[in-house]
Protein chains: 2
Amino acid sequence: MDRPELPLQQLHAFVVLAEELHFGHAAARLGIAQPPLSQQIRRLEDKVGHALFHRAPGRVTLTPAGRELLPAARRALTDLTDGLAAARAVGSGRTGTLRIGFAASLALTVLPGLLRTFRHRFPGVRLDIHEMTTAPQIAALHDRTIDIGLLREPPADQPELGFRTVLSEPFVAVLPAAHPLAAQRTVRLAQLADSPFVLLPREVGPQLRDRITGLCAEAGFTPRTAQHAVEWQTVCALVETGLGVSLAPASIRRIRLKGVAFRRIEPGDARTRVAVAWRENDPNPLVAHLLAAVGQDRPDRV
Amino acid sequence: MDRPELPLQQLHAFVVLAEELHFGHAAARLGIAQPPLSQQIRRLEDKVGHALFHRAPGRVTLTPAGRELLPAARRALTDLTDGLAAARAVGSGRTGTLRIGFAASLALTVLPGLLRTFRHRFPGVRLDIHEMTTAPQIAALHDRTIDIGLLREPPADQPELGFRTVLSEPFVAVLPAAHPLAAQRTVRLAQLADSPFVLLPREVGPQLRDRITGLCAEAGFTPRTAQHAVEWQTVCALVETGLGVSLAPASIRRIRLKGVAFRRIEPGDARTRVAVAWRENDPNPLVAHLLAAVGQDRPDRV
DNA sequence: ACGGTCCATACGCCTAGGGATATCAGACCA
DNA sequence: TGGTCTGATATCCCTAGGCGTATGGACCGT
């Protein structure tokens, strides 16, 4: 691609003159005097190397060369004006695409409200939503596959990423309805020591997993993992079948299953945090916009 | 269509930098030092109103706005370079379209050779050939519907048109083979005084028609028109059926029909001219090229 | 801590190009 | 033949933008 060394004004003058076919009128439309317009056209013709207009007494006509150039000139000008407008729209964050990764469980809590407020404020922005667990979200942020992550237990060792807590919620015990402890309103953690656990595999979210096993450790035992499941939906389903118990963020109570009971735990100060994550120094204005929306969208705490 | 006030160099710099993602390399490819490139980009970003590149330590990246602008910039640049090249090609007469009108009878004589030499010399030029009689050709030249006419008996009262004789040929008598005069090698015009004539209607070519009736007048009679026909092919066919006789340019001898005889006439100095016609002041270089080709293409005289 | 890399900034220089006004030249018309 | 319309030319002015060299400042490796 070589660089055609033309001032765009000349092209614009050319297009206008091609429409008016009258130097005086075209100059008026361009807001300049007639002699400068003659110069512009002349310079352009010099650069092309051929006449673009045929000046007959009384009428100005396009030459074949001019007719050939006209559509290209028009296209170039509209391409540029449109491109500039689009770039400005994207630059100001009025339009564009924001790619968001989110943990499946958040589809029940923070995600809907967040999307609603954002879409309301930026209707021109397309949101690409990808369900993914915590660890892949971190990787995808680094990959620039997503721009925003919505995850649990933000990891600490991520200097290039920013995190902001959106929600902090307690843990609950997840029990089969038939489990003896389901009769209590509150379950002490130590009481779960002997039950098999259904847990998330460590790979999908090391922080949350470690958090849970840490809670158990504080209560004096190491949970025995009977089964792994990647989604909380599945965890609850497995608990319902009696395969074991679990510890989960309170918001998963929204998953209603007849055979599952959720109970507060003792000690009750253990909380898990949901955070938005983004690349520090991400120039995308939509990221800033979303973070601002997060600041104002304070969804119902569970 | 508003005028985006951007030097194209900045766009070019932008595109190259977007490909290289490295100021030093891009500057080298552009053949300038690095600081000027920084300036170009900065100026462009100022005009857009947003950053186009994200300068992170160690890596340069396109911002979303930049990603949005890039394809438009590329399109605009290629449109312009292509458009300029096309305009230059057309301006120099290497490519383009030439619209030619021609009298049907000339398809048998001057037209093929002319087209052949022209096409050989300007293979990039498209030739649009339209069969039409003389009067419509004159109108089409004024309309700018055609650029070149190939016609008989160029009219004199056309100040805006140029004419150049391509071929000058005698008239011949067209007789049914059974006609008594077909027995002679030469026919005196006066001998045709009593035969009905098949002639072209005056509207399609007043000059030629007037020429023929003029010849008859000189021989002392007014031809009695038995039938009109627009094409010489038809004239011959009608003569063959015995409907009458005719006078025609010698080149129509190429139309071979069993029942038709062509005979020289007395006096034999009457000739009809075939000419190319064009608009004087036509800026189209192809017209000049074709006229030059006519000068050299001297087809076989009939 | 110290060069090396990479981009930005700061001058200074220069030209191209855009603008205006005044004037000229040809065509056309009354 | 003189007025009008239209486009081209001639000057002059101004500034935007392009380039270079020199320098600063952040970051990264050893």
Side-chain angles (χ1 to χ4, degrees), chain A residues 2-48 50-63 66 77 80 159-160 279-281 283, chain B residues 2-63 66 77 80 159-160 280-281 283:
Chain A
D2 245 356
R3 151 186 53 156
E5 182 74 67
L6 309 168
L8 285 187
Q9 303 198 47
Q10 290 179 7
L11 274 191
H12 188 218
F14 167 65
V15 170
V16 170
L17 180 57
E19 285 165 4
E20 299 287 337
L21 292 178
H22 186 290
F23 279 74
H25 300 168
R29 226 179 91 183
L30 289 165
I32 61 176
Q34 169 262 318
L37 175 59
S38 285
Q39 286 184 24
Q40 305 261 38
I41 300 299
R42 194 161 148 22
R43 270 195 275 266
L44 182 56
E45 286 176 329
D46 284 350
K47 242 162 240 151
V48 172
H50 302 278
L52 299 172
F53 292 95
H54 180 56
R55 286 86 155 169
R59 71 161 164 276
V60 175
T61 333
L62 274 171
T63 62
L77 286 179
L80 284 186
E160 297 188 17
R279 283 183 295 280
E280 299 269 22
N281 296 331
Chain B
D2 246 357
R3 151 186 54 155
E5 182 75 67
L6 306 170
L8 285 187
Q9 304 197 50
Q10 291 179 7
L11 273 191
H12 188 218
F14 167 64
V15 170
V16 170
L17 180 57
E19 284 166 2
E20 298 288 336
L21 292 178
H22 186 288
F23 278 74
H25 300 168
R29 229 180 88 185
L30 289 165
I32 61 176
Q34 168 262 316
L37 175 60
S38 285
Q39 287 183 24
Q40 304 260 40
I41 300 299
R42 194 161 149 19
R43 269 194 275 266
L44 182 56
E45 288 177 327
D46 285 351
K47 244 163 237 149
V48 172
H50 303 278
L52 298 172
F53 292 96
H54 181 56
R55 286 86 154 167
R59 73 162 163 275
V60 175
T61 333
L62 274 171
T63 62
L77 286 179
L80 283 185
E160 296 187 19
E280 298 270 22
N281 296 328

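Note that this is a predicted model, so its numbers are computed, not measured. Order of the sequence lines sets the chain letters (A, B, ...), proteins ahead of strands, with each chain counted from 1. Hydrogens, waters and symmetry mates are skipped; everything else that's a heavy atom, side chains included, is used.
- Phosphate contact (OP1/OP2 of D:dG7, side-chain N/O of A:H22, threshold under 4.0 Å): present.
- Atom CD of B:E160 has 12 or fewer heavy atoms from other residues, nucleotides or ligands within 6.0 Å.
- Taking atom CZ on A:R42 and atom C1' on C:dG19, their separation rounds to 17 Å, with Å as the unit.
- The shortest distance between the side-chain N/O atoms of A:S38 and the OP1/OP2 oxygens of D:dG7 is not below 4.0 Å.
- Note on A:R43: a base of the nucleic acid sits closer than 4.0 angstrom, heavy atoms only.
- At least one side-chain heavy atom of B:D46 sits less than 4.5 Å from a side-chain heavy atom of B:R42.
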Where along nucleotides 20-26 of chain C does protein come under 4.0 Å, by heavy atom, of base (B) or sugar-phosphate alone (S), with - for untouched nucleotides?
BBB----

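- Look at CD on A:E20: it is 16 Å from C1' on D:dG7, rounded to the nearest Å.
- Atoms CG and CG, on B:L80 and B:L8 in that order, are 6.0 Å from each other to the nearest 0.5 Å.
- In this structure, A:K47 reaches the C:dG17 phosphate: one of its side-chain N or O atoms is under 4.0 Å from OP1 or OP2.
- Note: NE2 (A:H12) to C1' (C:dG19) measures 17 Å, nearest angstrom.
- Each side chain to side chain donor-acceptor pair (under 3.5 Å) pair with one or both residues in residues 49-59 of chain B, not counting sequence neighbours, appears once here: B:E45-B:R55.
- Scanning both residues, A:L62 and A:L21, for their nearest heavy atoms gives N-CD2, 4.3 Å.
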List, with names and distances, any nitrogen or oxygen atoms from the protein found under 3.5 Å away from nitrogen or oxygen atoms belonging to nucleotides 24-30 of chain D.
none

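- Atom-to-atom, CD of A:Q40 to P of C:dA16 comes out at 16 Å; the value is rounded to the nearest Å.
- Whole-Å rounding puts the B:L37 CG to D:dT21 P distance at 15 Å.
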Considering only distance and modelled atom types, tabulate donor-acceptor pairs under 3.5 Å from the side chains of residues 25-39 of chain A, sequence neighbours left out.
| residue | atom | partner | partner atom | Å |
| --- | --- | --- | --- | --- |
| A:R29 | NH1 | A:E19 | OE1 | 3.2 |
| A:R29 | NH1 | A:E20 | OE2 | 2.8 |
| A:R29 | NH2 | A:E19 | OE1 | 2.8 |
| A:Q34 | NE2 | A:S38 | OG | 3.1 |
| A:Q39 | OE1 | A:R43 | NH2 | 3.3 |

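- Here A:R59 does not reach the OP1 or OP2 of D:dG7: none of its side-chain N or O atoms lies under 4.0 Å away.
- A 4.5 Å side-chain heavy-atom check between A:L11 and A:L6 finds at least one atom pair inside the cut-off.
- Proximity of A:R55 to the phosphate of D:dA8: a side-chain N or O atom is located under 4.0 Å from OP1 or OP2.
- Between B:F53 atom CZ and C:dA8 atom C1' the separation is 15 Å, expressed in whole Å.
- Rounded to an integer number of Å, the gap from NE2 of A:H54 to C1' of D:dG7 is 14 Å.
- With C:dG17, C:dG19, C:dC7 as the candidates, the nucleotide lying closest to the side chain of A:Q9 is C:dG19.
- A search for ring-ring contact (aromatic ring centres under 6.0 Å, His included) contacts involving A:F53 returns A:F14, not counting sequence neighbours.
- Spacing between atom CD1 of B:I41 and atom C1' of D:dG17 amounts to 14 Å, rounded to whole angstrom units.
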